[in-house]
Every structure is written in structure tokens, then in C-alpha cells.
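Beneath this line is the structure, given in C-alpha cells, with notes to follow.
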Amino acid sequence: MSWKEKLQSVDADDLLERIGLEVRRSTSEKMLPGLVLFGAGLIVGAGLVALLTPRSGPELRSRLRNRLSRESCCEHSDLEMAQHTNG
């Protein structure tokens, strides 16, 4: 293989890597870490809101338990929550 053929087979990314520079990242590679951090921030924020609500501990735990379990019909749990809140 001649030096011309070797030189033609070298691409820009190979040359940048050879001299120690970073290869250009694609748009998805740039956005993915930001989206992951944004999603983690949403989850942490939702948790903080749940912890810092002006409700008593037992009431908050009861509401969270009802929302997470959803064993009974949605209307039934909503009715229980309304009765618990009103009386």
C-alpha cells in the first residue's frame, strides 16, 4: 500500500484522535446527559415538595399510600380522601 492510499484512508476523526483532540460529539450525545439530569431534578423536586407540604405526617403518609397502592377504584379512594379531608 502506497503512502497516498494510506493518506486517503485517514479520516478527520482519526487525525484529531491521533493529535489528542476530542472527536466532535453528536447532538444526541450532547443532549442525553442534560435530559437525564433534568429528569433527576424533577424527581428530587417532587420528593421535596411531598416532604415539605404543610400537612401532618400521618395525613401525608395516608395520601401517599392511597396514591401508590391504587388497590381500590379511583372513585372509591377519591371519596375516602374527600371524607377524610372534610371530617
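Taking every heavy atom of both residues into account, Pro33 and Lys30 meet most closely at CD-O, 3.7 Å.
Atom CG of Leu32 sits about 9.5 Å away from atom CG of Leu37, to the nearest 0.5 Å.
Looking at Arg67, Arg65, Arg61 one by one, the single match for side-chain contact (heavy atoms from CB on, under 4.5 Å) with Arg63 turns out to be Arg67.
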